[in-house]
Amino acid sequence: MISGILHITPNSEILAREVAFFLRERILAGLKQKERFSISLSGGNTPRMLYRLLASEPFLSSIPWNQLDFFWGDERCVPPDHPDSDYLMAKEAFLETVTRNWNPGIYRIEAELPPAEAALRYEETLRAYFANKPLGFDLLLLGMGEDGHTASLFPFTRALEEPQRWVVDNYVPKLQAWRITLTAHFLNQARTTVILVSGHSKQKVFSAIQAPDASPLEFPVLSIQPENGELHWFVDEDVINGDAKS
Ligand code: 6PG
């Protein structure tokens, strides 16, 4: 069963726009209370439209990009210039545009390293960053796969059982690949979590996770239960009814 606030938009374009305005509002509000604002990015295809929008007006000139610190919720175990890299997708979609004139905090997962080492190093990075700050991202962006995974927390994988670590290397049998992922334990420290779901292909799984007995082991996105933060689902009509309105 999902919890949180559900925002439904007519289509994917309006979804991206609504999320962009929501992010800007949260960033500007957050920076009234603090100098730096931490945002964890999601990979995959869904956020690409959002990221490109953020690199355009009115967002490009109205968000104080040099006060943001960027993190990732997960990464594929590839170099940063590999086409599968979540870092590369975000860099090309908006980071290289919004950071053109200065170098904000970009905390990339060094997923080109051996998986276990990459996970340990990113955990060190996070622990150093949050050593003198309230624990948890100010804003966390996540997606959801057709199997109900989020970040790289895939169904029935070891990462789901991790009670203490913030970052783990996670072997995904269905992909026959290693991933680096932040754990639900750490992700749930975020103050605002946004889960983006778009497209007809997600209708079945979005319906399945509404079941009262749906399990986080089978649908890891259900393990996203912010401990003290807000959870916002942004989904389009295609996910709800299977046919988006143009
Ligand atoms: C990744 C993401 C992953 C993604 C989902 C949904 O590295 O791929 O972190 O969790 O959010 O797989 O991906 P789509 O947006 O492409 O459907």
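Read the numbers this way: they start at 1 and go in the same order the structure lists the ligands and their atoms.
- The protein atom (non-hydrogen) at minimum distance from atom 17 (O) of ligand 1 is Lys202 NZ, 2.7 Å.
- Looking at atom 13 (O) of ligand 1, its nearest protein heavy atom turns out to be Gly44 CA, 3.9 Å.
- Heavy-atom contacts of Ala151 reach the following atoms of ligand 1: 3 (C), 9 (O), 10 (O) (cutoff under 4.0 Å).
- Between Ser152 and ligand 1, a contact under 3.5 Å exists for no N or O pair.
- Annotation: Leu142 places no N or O atom under 3.5 Å from an N or O atom of ligand 1; distance criterion only.
- With a 4.5 Å cut-off on side-chain heavy atoms, Pro58 and Arg24 count as touching.
- Each of the atoms 11 (O) of ligand 1 lies under 4.0 Å from some heavy atom of Gly143.
- The aromatic ring centres of Phe59 and Phe94 sit 6.0 Å or more apart.
- The aromatic rings of Phe137 and Phe71 lie tilted to each other, with the angle between the two planes from 30° to 60°.
- Side-chain atoms of Ser38 come within 3.5 Å of backbone N or O of Asp138 as a donor-acceptor pair.
- Taking Asn228 as the reference, nothing meets the side chain to side chain donor-acceptor pair (under 3.5 Å) condition, with sequence neighbours excluded.
- With contacts defined as side-chain heavy-atom distances shorter than 4.5 Å, the pair Glu18/Phe22 does not qualify.
- A side-chain donor from one of Ser198 and Asp236 sits under 3.5 Å from a side-chain acceptor of the other.
- Nearest protein heavy-atom neighbour of atom 8 (O) of ligand 1: Arg76 NH2, 2.7 Å.
- Here the CG-CD distance, from Asn11 to Glu237, works out to 9.0 Å after rounding to the nearest 0.5 Å.
- Close N/O approach between Thr46 and ligand 1 is found [any backbone or side-chain N/O within under 3.5 Å].
- If you chain together hydrophobic residues whose side chains sit under 4.5 Å apart, Tyr107 and Ile180 fall into the same group.
- Between Tyr122 and Phe186, the distance from one ring center to the other does not fall under 6.0 angstrom.
- Among protein heavy atoms, the minimum distance from atom 7 (O) of ligand 1 is reached at Asp86 OD2, 2.6 Å.
- In this structure, atom 4 (C) of ligand 1 lies nearest to the protein heavy atom Gly43 O, 4.0 Å.
- Here is the list of ligand 1 atoms found below 4.0 Å of a heavy atom in Asn45: 14 (P), 15 (O), 16 (O).
- Interface of Thr150 with ligand 1, defined as ligand atoms under 4.0 Å from a residue heavy atom, comprises 10 (O).
- Contacts between Glu75 and ligand 1 below 4.0 angstrom, taking non-hydrogen atoms only, are absent altogether.
- Of all protein heavy atoms, the one closest to atom 5 (C) of ligand 1 is His149 NE2, 3.4 Å.
- If you check which protein heavy atom lies closest to atom 9 (O) of ligand 1, you get Asp74 OD1, 2.7 Å.
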